[in-house]
Amino acid sequence: MSLSAKEKVIVKDFFAKVSSRSDEIGAEALARLIVVYPQTKSYFAHWKDLSPNGAPVRKHGITVMGGVYEAVSKIDDLAGGLLNLSELHAFVLRVDPVNFKILSHCIMVVLSMLFAEEFTPQIHVAVDKFLALVALALSEKYR
Amino acid sequence: MSSYKRRLFILATSPTQCRPTSKINKIQHAFWRSVPILLKTLLKLRPSVYDSLDSVKETSTASNMVQWTDFERATIQSVFEKMDYDDVGPAALSRCLVVYPWTQRYFGNFGNLYNAAAIQGNPMVAAHGKTVLHGLDRAVKNMDDIKATYAELSVLHSEKLRVDPDNFRLLADCLTIVVAARMGAAFTADVQGAFQKFLAVVVSSLGKQYH
């Protein structure tokens, strides 16, 4: 499964269009991850405040979305471009890769909520593929 | 009691092996015939052994049932009440066919599914989307036993339609995304949690009769 040239354009254009609200998207997506999938809280035990609207969750959501935008800029070579992030997730954070899938789902729910008109099925499939490939690139260094 | 009366009482009420002949025997006979009836009445009045078992019965069946909080029940009823089935059903099914194209394998006789525009404009897809969404009505009305509610539908999907149960999860994800788009900010994290839990139970119940 790989992105066609047309799909790469769709993804870059869409993420450019929504970049003004990228902080909001990131914070909301991470908040949903923690509420809808409580098992993910296990990765954030070191935060004192795990409330969805709290500062740590917001700040980290913005960080994660920053990573997604970095992936958009490296869309032509995800595996190579995301090597550092992959090492971070594999050796330091040790996040189980199944969580990449559910975070992708949460990101897409938020995109659909905030940009109902723009998030058409054609854009949905391109973004879904893109996030799946990002997850795959992040899993590169796991074993 | 005087000793005379005591002796008479004992004589009158002691068990007798003989057929009642004398008056004393008849009194004895009547007395002992009435004892079991009295005992039965008294036993009926005592608290039933099953009364204390009821709570055990409830927990044992409850442990097989999905537990819904009041918030979850209210949320599911409210989301489906406000939903426009004729809009959401077709949108969810067509989205599923576009985003996960391998799901098109089940709709070979639906005509033109060649590209996203064709799928979204296809009237058979739209009609079937409404059918599928109305199928969720039964679960919404019967949240306490979705497994039994969908037993027949599960057999249908397994034996006749031969749908890979993983597709139920894919359609559920698309439905979540469409409902999020329709509800906007009202689709909070807690509402999403309740909605996804409901769909997860539906998906699991539909897969239950596969073998």
Side-chain angles (χ1 to χ4, degrees), chain A residues 1-4 6-7 10-11 14 18 21 24-41 50-54 57-58 61 98 101-132, chain B residues 69 71-72 75 79 84 87-88 90-104 113-122 125-126 129 166 169-200 203:
Chain A
M1 192 172 64
S2 57
L3 287 167
S4 70
K6 193 164 154 217
E7 281 166 342
I10 291 177
V11 167
F14 180 72
V18 308
R21 291 173 84 175
E24 196 186 334
I25 298 170
E28 189 61 41
L30 193 69
R32 267 156 209 273
L33 181 77
I34 289 181
V35 169
V36 179
Y37 302 96
Q39 69 272 17
T40 55
K41 284 196 278 199
L50 270 174
S51 65
N53 300 317
V57 172
R58 261 204 68 87
V98 73
K101 220 184 282 194
I102 56 186
L103 180 59
S104 302
H105 174 70
C106 289
I107 291 175
M108 287 193 292
V109 168
V110 173
L111 288 175
S112 174
M113 241 178 67
L114 297 177
F115 303 97
E117 301 280 319
E118 292 94 332
F119 199 62
T120 61
Q122 293 90 318
I123 294 189
H124 180 167
V125 63
V127 171
D128 193 14
K129 279 174 76 171
F130 167 69
L131 290 174
Chain B
T69 64
F71 172 79
E72 285 164 351
T75 301
V79 168
D84 179 2
D87 163 41
V88 170
L93 183 62
S94 58
R95 190 169 281 253
C96 188
L97 294 173
V98 170
V99 179
Y100 308 109
W102 53 93
T103 56
Q104 291 167 25
L113 298 177
Y114 192 57
N115 55 35
I119 292 171
Q120 287 171 273
N122 187 312
V125 170
D166 195 55
R169 187 184 52 84
L170 299 178
L171 181 58
D173 281 348
C174 285
L175 183 59
T176 306
I177 298 240
V178 171
V179 168
R182 299 296 181 268
M183 288 181 66
F187 197 64
T188 63
D190 291 319
V191 169
Q192 183 185 344
F195 191 69
Q196 288 197 201
K197 177 174 167 180
F198 172 75
L199 288 181
V203 164

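Just so we're on the same page: letters track the sequence lines, and every chain starts at 1.
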Non-hydrogen side-chain atoms of F187(B) and V109(A) separated by less than 4.5 Å: yes

Is there a side-chain contact between E118(A) and F14(A), using heavy atoms and a 4.5 Å cut-off? yes

Side chain from CB out, backbone as N, CA, C, O: work out which of these in Q196(B) comes under 4.5 Å of a heavy atom of chain A, or both, or neither. side chain

Pick from A186(B), C96(B), G184(B) with the largest number of heavy-atom pairs that fall under 4.5 Å of chain A: G184(B)

Among E28(A), H105(A), Q122(A), E117(A), who wins on heavy-atom pairs under 4.5 Å with chain B? H105(A)

Heavy-atom distance under 4.5 Å to chain A: side chain of D190(B), backbone, both or neither? both

Region of F195(B) that comes under 4.5 Å of a non-hydrogen atom in chain A: neither

Where the side chain of Q104(B) meets the backbone of L97(B), is there a donor-acceptor pair that is under 3.5 Å apart? yes

Check whether any side-chain N or O of K101(A) sits under 3.5 Å from a backbone N or O of A132(A) as a donor-acceptor pair, and report yes or no. no

Heavy-atom pairs under 4.5 Å with chain B are the metric here; pick the option from A116(A), P121(A), A126(A) that has the most. P121(A)

Using non-hydrogen atoms only, which part of V125(A) is less than 4.5 Å away from chain B: side chain, backbone, both, or neither? both

Between chain A and each of A116(B), A91(B), A180(B), G193(B), count heavy-atom pairs under 4.5 Å; write down the option with the most. A180(B)

A185(B), part contacting chain A, at a heavy-atom distance under 4.5 Å: backbone

Less than 4.5 Å apart, any side-chain heavy atom of V127(A) and any of L131(A)? yes

Report yes if the side chains of Y37(A) and R32(A) come closer than 4.5 Å at any heavy-atom pair, otherwise no. no

Considering only heavy atoms from C-beta outward, does the side chain of V79(B) approach that of M183(B) to under 4.5 Å? yes

